[in-house]
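Presented below is the structure to which this report refers.
From a predicted model like this one, the values you see are computed outputs, not experimental measurements. A, B, ... follow the sequence lines: proteins, then strands. Residue 1 opens every chain. Scope of the values below: all heavy atoms of this structure, side chains included, with no hydrogens, waters or symmetry mates.
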Amino acid sequence: MEKYDYKSIEAKWQKVWDEKQAFAAGTDYSKPKYYALVEFPYPSGAGLHVGHPRSYTALDIVARKRRMQGYNVLYPMGWDAFGLPTENFAIKNHVHPAEVTKQNIARFKSQLRALGLSFDWNREINTTDPDYYKWTQWIFLQLFKKGLAYKKEMAVNWCTSCKCVLANEEVVNGVCERCGSEVVRRNKSQWMLKITAYAQRLIDDLDDVDYIDRVKSQQRNWIGRSTGAEVDFTTTEGDVLTVYTTRPDTLFGATYMVISPEHPVIEKWADKLNNIDDVRAYREEAAHKSDFERTELVKDKTGVRLDGVRAVNPVNGTEIPIFVSDYVLMTYGTGAIMAVPAHDDRDWAFAKKFDLPIVEVVKGGNVQEAAFTDCATGVMVNSGFLDGMSVEEAKKAITEFLTEKGVGHAKVNYKLRDWVFSRQRYWGEPIPLVHCDKCGWVPVPESELPLRLPDVDSYEPTDDGESPLAPMTDWVNTTCPCCGAPAKRETDTMPQWAGSSWYFLRYMDPHNDEALASKEALEYWGPVDWYNGGMEHTTLHLLYSRFWHKFLYDIGVVPYKEPYSKRTSHGMILGQNPHSFVNLPEDEKKALIEQFGDEKGARRHLVEKYGEMAEHPVVKMSKSLGNVVNPDETIDEYGADTMRLYEMFIGDFEKSAAWSQKAIKGCRRFIERVWSLFDKIQPGDAYSAENEVAMHRTIQKVSEDIENLKMNTAIAQMMTLLNQLYDKGVNRAEYRTLLALLNPFAPHVTEELWQMLGESDLLSLHTWPSFDESKTVESTIEIAVQVNGKVKGKVVLPTDCAKDEALAAAMADAKIQSAIAGKNVVKSIVVPNKIINLVVR
RNA sequence: GCGGACAUGGCGGAAUUGGCAGACGCACUGGAUUUAGGUUCCAGCGGUUUCACCGUGGGGGUUCAAGUCCCCCUGUCCGCACCA
């Protein structure tokens, strides 16, 4: 038999699949459909990362299995190509971003093709294609027409390096998610999308979809629903200050109030405040703090008391002071709180610092030492008519009381904020709106879409926060579609998340120029049956696209309320840290130990030299560490089949895993052994008696494991089977089944071997093997026999044999007899087909 | 601080959900083939004082039986973070 020549085999079958259009999704809508989806990549200049194929291969396996099971499968791929890195590269190298995008896509595409992924390339999409973003703009216009897009002057997150506004979701620990630079607050007029209008539905409908739990809980957490009450406090100025609280039960314990530095009432009261200068100074200080500084100082509370105005507690008439402090946010609730230091950690810290009274209203802790925040066990005290109630009872009673008196009511709040939707950059979808002095903001007529990005001389972002499109007067100056008067175009563009918020719909009917997709296609293909992607998109892309989809559902464009039936998530592929002690070559380890006394000293030295990360043997791949694994080289050295198999075998799919240049060899050996087994095939149309159970078990295990993304154990099972076939012999029927099971994982080599068997059809489109559950069990089974819980012997019994028979066989065993000799068997447990345990004394 | 996940050989990881811990692979050790290296094949591979005992981060508990269930502790990772 010839040598396993993976290079020519892989090239050959990729060409055949392409020529035969083997993986094109069919348009026969009477067949059962399956829509498998992976997140389309941002085509960066760095090319494909070894992390990309982990997700793509896993769902490729699912898609290939579904095809073999007879489904009409849609497994598409495209490009999320708008975005800053491309624009920055274009600026630096004086090329048009469209040109950069084209080159990057070409590279990505050839890399993906080399992996043998069964994408339907006829349906390839690109978010920067005007025929695509025409519909992104169209959806935006529908949002605008329904009042869900609005422009607002507000404090926004401004990345000092990207010179661009960021969404809340793009700010991580006070710095830019993308570039890590400082993010500051700036007041700017921005387009906003009212995602908050969908907050409750985005929570509720999670009950109807099959997402892994951590995705659901992270989304719920991000939306942040809380229930409580709004309470009106009158003030000595007569104005009413409304607060939001989740603990209305503690109202009797409110000993002061705090308002946010941005609260409008401050300027209203300016004349009445004896210390207005101090208050203004404090407000200025707070405004100039970056998000980073504000979160840095979490522990230390600052604030200024409003001297001259006091509030009145509505339940007991007590006059209480009002403070300004930046621990109260203008963007949540009403921007004002009632402070109950006895039962809230932050209020407690503030009260201690400013020496304010702490009044216990829920019994159960020592409120002079720490706030008592437990809601489950406490009993109300010092609270008039609430005394003696539990916290839950008191919440209900006080809310009813406030409602009756007209000074409060139950209220639900969400942490979720509206989506800041404009960016002051070039490489994004133009926002299709025109501003007319007479008519205000007017949509570009739908017949004029797409509104194309004009060519500009400079893509440079500007320090004053204007879009690079702003100086393009020819483009900017237009006429009002409404009244014909001179008007100006919006020059901001959409954020990168726009194009990806609906792309899965376009795959269903990618060439339609009359609608984003036809009704029939939307009805047939949707919703996505299985969507896999990264955890980092849980609160961004995944939430945004659910929002857009619900909106499209509301206006009758799509016929179902959730876009994705099932969502799973893969772990990252990490690299070895070359600076970590355990990864050093042995001689270097020795040298360091000698130099610094012991391993501890050597490690300390490495931490001093390279920082804390030296203690982590496994880290993210990065150019600076030189631990980036190049997929092209890996495919060149081992082949795509080996690479696919290894990425699936590397570990638990949901957890991050470290790439090992050594471990990949095991997968290559496995394929070589499958190849070599070909020479040992005996004739036979049915499984041999010796292998039958193993065959059925393997089919069952592989079939089930694929559904649960347990690819590592599916492969282990096939390896076990292969070992047995080497041991016990293999016939044609067995070999055919092995090839079919392995095909989704290693499609090229199995296709080649299939052809070598004399088959003329494509294995990729052949039927998936079936198993008979009754044939997955052996007729006899070896059972461990324990004495007092310790294994003392083993007996071979017929499967499902009677308990007394099993017990008799165990007692007859010589080893067991000696283990229980001279003792009394006081109890015997027989679990059929599992274990026998004798309790002796 | 709040929420979630996790802890098993030298390493990645299995364990039918309470029933023989360490499947499968990597690395390693011996042997065979080979001029040699690589490849391939055979055997071994948790620990120890090896006819046995001890072993799933540590301590307690439930049970005939615990990696798996309960309580406490320690550690790691992730998400959110002054959200009232």
Which residues pass the side chain to side chain contact (heavy atoms under 4.5 Å, CB included) test with A/K827, sequence neighbours left out?
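A/K827 satisfies side chain to side chain contact (heavy atoms under 4.5 Å, CB included) with A/I829, A/V839 once adjacent residues are dropped.
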Whole-Å distance between [N] [atom2] and [X] [atom1]?
X	N	atom1	atom2	result
A/L838	B/C20	CG	P	16 Å
A/E773	B/U16	CD	C1'	11 Å
A/M711	B/A14	CE	P	14 Å
A/Y327	B/G1	OH	P	19 Å
A/K680	B/U40	NZ	C1'	11 Å
A/K662	B/C26	NZ	P	12 Å
A/F670	B/U40	CZ	P	14 Å
A/R669	B/C26	CZ	C1'	8 Å

Do A/R305 and A/F354 form a cation-pi contact, if we require the NZ or CZ to be under 6.0 Å from the six-membered ring centre and within 45 degrees of the ring's axis?
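Judged by the rule (NZ or CZ under 6.0 Å from the ring centre, within 45° of its axis), A/R305 is not positioned above A/F354.
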Do A/K301's NZ or CZ and the ring of A/Y327 fall within the cation-pi criteria of under 6.0 Å and 45°?
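Satisfied, under 6.0 Å and within 45°.
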What distance, rounded to whole Å, do you find between the two [atom1] atoms, one in [N] and one in [M]?
N	M	atom1	result
B/C71	B/U62	P	15 Å
B/U39	B/C20	C1'	37 Å
B/U56	B/C11	P	16 Å

What about A/K665, does its side chain sit under 3.5 Å from the base of B/C26 through a donor-acceptor pair?
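Counting by modelled atom types and ignoring angles, no donor-acceptor contact under 3.5 Å is found here.
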Could you identify which residues of residues 827-834 of chain A place a heavy atom less than 4.0 Å from some atom of RNA chain B, listed by residue number, or say none?
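RNA chain B contact set from residues 827-834 of chain A: A/K827, A/I829, A/V831, A/K834.
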Contact class for A/T331 vs. all strands (heavy atom < 4.0 Å): base, sugar-phosphate, or nothing?
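If one applies the 4.0 Å heavy-atom cut-off, A/T331 turns out to touch nothing in the nucleic acid.
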Hey, does A/K3 reach any base, or is it just sugar-phosphate, or nothing, if we go heavy atoms under 4.0 Å?
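Since no nucleic acid heavy atom lies under 4.0 Å of A/K3, the category is nothing.
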Salt bridge flag under 4.0 Å for residues A/K7 and A/D636
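Looking at A/D636 together with A/K7, the answer is yes, because their closest N to O distance falls below 4.0 Å.
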Syn/anti label of B/U17 as read from its glycosidic torsion, with the cut at 90° from 0:
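Here the answer is syn: the torsion falls within 90° of 0.
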So A/Y244 and A/Y332, would you call those rings parallel, tilted or perpendicular, with 30° and 60° as cut-offs?
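Plane angle over 60°, so perpendicular.
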Closest heavy-atom pair and its distance - A/N691, A/K728
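Here A/N691 and A/K728 meet closest at OD1-CB, 3.6 Å.
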For RNA chain B, report each stem as range with range, ordered by first number, or say none. Use Watson-Crick or G-U wobble pairs under 3.5 Å, at least 3 in a row.
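Output for stems: B:1-7 with B:74-80, B:10-12 with B:24-26, B:28-32 with B:40-44, B:46-48 with B:52-54, B:57-61 with B:69-73.
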